**Student:** 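Below you'll find the structure I mean.
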2 protein chains.
Amino acid sequence: MLMSKILIIEDEPAVCKLLVYNLEKAHYQTWVAQDGVQGLSAALQWKPDLVVLDIMLPQMDGLEVCRQLRQSSAVPILFLTARTEEIDRVLGLELGADDYLCKPFSMRELLARIKAILRRAAPLPSAPSPTFQMDPAQRTFTVHHQPLVLTKLEFDLIAVLMTHAGQVFSREQLLQVAWGYDYFGDTRAVDSAIKRLRAKLREVAPDEDPIEALRGIGYRWKAA
Amino acid sequence: MLMSKILIIEDEPAVCKLLVYNLEKAHYQTWVAQDGVQGLSAALQWKPDLVVLDIMLPQMDGLEVCRQLRQSSAVPILFLTARTEEIDRVLGLELGADDYLCKPFSMRELLARIKAILRRAAPLPSAPSPTFQMDPAQRTFTVHHQPLVLTKLEFDLIAVLMTHAGQVFSREQLLQVAWGYDYFGDTRAVDSAIKRLRAKLREVAPDEDPIEALRGIGYRWKAA
DNA sequence: AACTCTCTGACATTTTTCTGACACAAAACT
DNA sequence: AGTTTTGTGTCAGAAAAATGTCAGAGAGTT
């Protein structure tokens with residue numbers, strides 16, 4: 001499973017910001033909806049892998065959102081509650097919450113629970129088919145769903161670039177991030193690594209060339 | 001589901017008493033084990049639907065109990081921890097904890113989590129590769145339905161790899177999980193074990209080679 | 001055209017894994 | 001108890017893979 005999509009339905013901007021920041025740092029894609037109506041719409045169209053749902057929402061409350069969502073989707077839901085008592089209503093209604101957290105919660109705990117929920121969720125046939133896909137956890141990389149074997153260095157390199165698609169990295173930066181902070185050597189090593197990577201990619205996707213060289217600046221993964 | 005069976009592995013009598021009282025009031029059957037050895041024995045014989053496992057135990061700690069239990073059972077485990085940091089070790093090792101609670105916890109929360117775990121506990125599809133099959137409960141391993149005799153170490157190793165097919169394990173991780181937390185030795189021992197395992201597999205399935213070495217990373221069971 | 005930077009292939013070096021031999025320990029058997 | 005068998009860690013060298021270095025060709029820029 002790669003780059004799981006997490007929909008956040010939460011009205012407090014501060015909490016949203018915190019969630020988005022940490023989830024994206026953990027390599028999840030995020031989408032924020034500020035109220036229940038927008039949340040339902042986003043859930044149905046964007047088809048997230050997990051919904052983080054605040055119980056207290058303006059207009060339509062989280063329980064109602066959950067009930068309506070359940071009529072058309074089995075997406076896992078993690079509830080956020082301000083008070084412990086609220087969760088009794090969720091559990092009592094058997095709405096199919098997969099987990100819940102009471103505010104205030106530690107980010108580590110949230111991430112652990114999200115990871116656990118996603119691990120449990122059966123790998124359903126996901127629709128989108130970008131040509132290049134990377135799974136940091138399994139260290140696998142696929143092109144058109146066909147696995148491509150990469151060396152450690154190659155994978156580390158492509159991981160940095162892909163997870164920051166569009167961002168330019170200088171050779172020095174790449175050495176730091178993919179080789180390691182204690183590495184001292186010619187920055188031309190980066191050229192060689194890129195060369196080998198491109199050669200492998202060309203084998204299976206001759207018309208793509210997703211790694212762009214910016215003269216005098218560095219390299220970047222072509223933005224989507 | 002009628003009268004789910006819950007095994008409590010916990011050494012503090014006060015906590016045990018509290019747990020038993022409340023769980024039985026909630027119509028669960030309970031069984032208490034005061035230390036890891038008794039716990040393992042009870043788990044194997046009584047076959048509970050859920051194990052509540054304290055991390056801090058005399059003699060054998062909870063993680064070790066979990067590891068040994070996982071060799072022969074897929075029963076859901078809910079960890080109890082005194083400190084939040086401890087849970088990182090569990091999560092880090094991916095030992096298959098289904099949930100955890102930090103002391104002190106409210107009884108209502110415990111009951112809610114237990115209910116959630118039991119609700120989720122759907123029979124796993126367990127899709128073994130057609131050629132290789134492993135039964136943790138009986139510690140048997142078959143290739144093309146023909147039994148293959150493995151040593152304890154070999155079985156532990158293959159069990160870890162197969163139950164996490166596709167996931168890469170470093171030599172250090174494998175030493176921890178298959179050899180034991182207290183083992184200190186050269187990580188090259190892993191190479192040797194893998195070598196012997198491969199030799200045995202080659203005898204009966206010369207064209208498979210399901211154990212993949214990832215240079216600089218570790219080993220993994222070829223993903224399905 | 002001159003200059004600069006990037007790309008590529010060849011080669012050398014380094015790193016990592018694999019294998020067989022051996023030694024020791026534990027277990028099984030007499 | 002002694003003996004054999006089995007299991008496993010350690011070691012050293014072989015084999016394989018990965019990667020750094022270099023030099024020249026190629027491409028972009030002024």
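Chain letters run A, B, ... following the sequence lines, proteins first and then strands; every chain starts at 1. Everything quoted here is computed from the prediction, not taken from an experiment.
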**Student:** Identify whether the distance between the nearest side-chain nitrogen and carboxylate oxygen of B/R196 and B/E154 falls below 4.0 Å.
**Tutor:** no
**Student:** Could you state the CG-P distance from A/L197 to C/dT6, rounded to the nearest angstrom?
**Tutor:** 17 Å
**Student:** OP1 or OP2 of D/dG20 versus the side-chain N and O atoms of A/W179: is any pair under 4.0 Å?
**Tutor:** yes
**Student:** Taking CG from B/L214 and C1' from C/dT15, how many angstroms apart are they, rounded to a whole number?
**Tutor:** 16 Å
**Student:** Check whether any side-chain nitrogen or oxygen of A/T151 sits under 4.0 Å from OP1 or OP2 of D/dT19, and answer yes or no.
**Tutor:** yes
**Student:** Between B/L197 and B/I158, is a side-chain contact (heavy atoms from CB on, under 4.5 Å) present by the stated rule, with each step listed?
**Tutor:** CA-CA 8 Å; B/L197 203 38; B/I158 217 171; 4.2 Å; yes
**Student:** Using only side-chain N and O atoms of B/R171, determine if any of them is under 4.0 Å from OP1 or OP2 of C/dT17.
**Tutor:** yes
**Student:** Students often mix this up, so state it plainly: with edges at 30° and 60°, are the rings of A/F132 and A/F141 parallel, tilted or perpendicular?
**Tutor:** parallel
**Student:** Can you measure B/D191 atom CG to D/dG9 atom C1' for me and round it to whole angstrom units?
**Tutor:** 12 Å
**Student:** May I have the distance from B/L175 (atom CG) to D/dT8 (atom C1'), rounded to whole angstrom?
**Tutor:** 13 Å
**Student:** Reading DNA chain D from 5' onward, which residue's closest nucleotide shows up sooner: A/K195 or A/L150?
**Tutor:** A/L150
**Student:** Does C/dC18 have OP1 or OP2 under 4.0 Å away from a side-chain N or O of B/Y219?
**Tutor:** yes
**Student:** Is B/I194 touching bases, backbone alone, or none of the nucleic acid, heavy atoms closer than 4.0 Å?
**Tutor:** nothing
**Student:** D/dT29 P sits how many Å from A/I217 CD1, rounded?
**Tutor:** 12 Å
**Student:** Under 4.0 Å from OP1 or OP2 of D/dT30: is there any side-chain N or O of A/R215 that close?
**Tutor:** no
**Student:** Side-chain N or O of B/R188 versus OP1/OP2 of C/dT16: is the shortest distance under 4.0 Å?
**Tutor:** no
**Student:** Rounded to the Å, how far apart are B/L153 CG and D/dT6 P?
**Tutor:** 17 Å
**Student:** So, B/K222 and B/E212, do they make that salt bridge, N to O below 4.0 Å?
**Tutor:** no
**Student:** With a 3.5 Å cut-off and just heavy-atom distances, do the side chain of B/K152 and the base of D/dG7 make a donor-acceptor pair?
**Tutor:** no
**Student:** Nearest-Å distance, CZ (B/R202) to P (C/dC18)?
**Tutor:** 10 Å
**Student:** Looking at the base of C/dT8, is there any donor atom on it, or on the side chain of A/S192, that sits under 3.5 Å from an acceptor on the other one?
**Tutor:** no
**Student:** Between B/D156 and B/K152, does at least one N-O distance fall below 4.0 Å, as a salt bridge requires?
**Tutor:** yes
**Student:** For A/R196, which contact category applies under a 4.0 Å heavy-atom criterion: base, sugar-phosphate, or nothing?
**Tutor:** base
**Student:** Quick one: B/L157 CG to D/dG7 C1', roughly how many Å, whole number?
**Tutor:** 14 Å
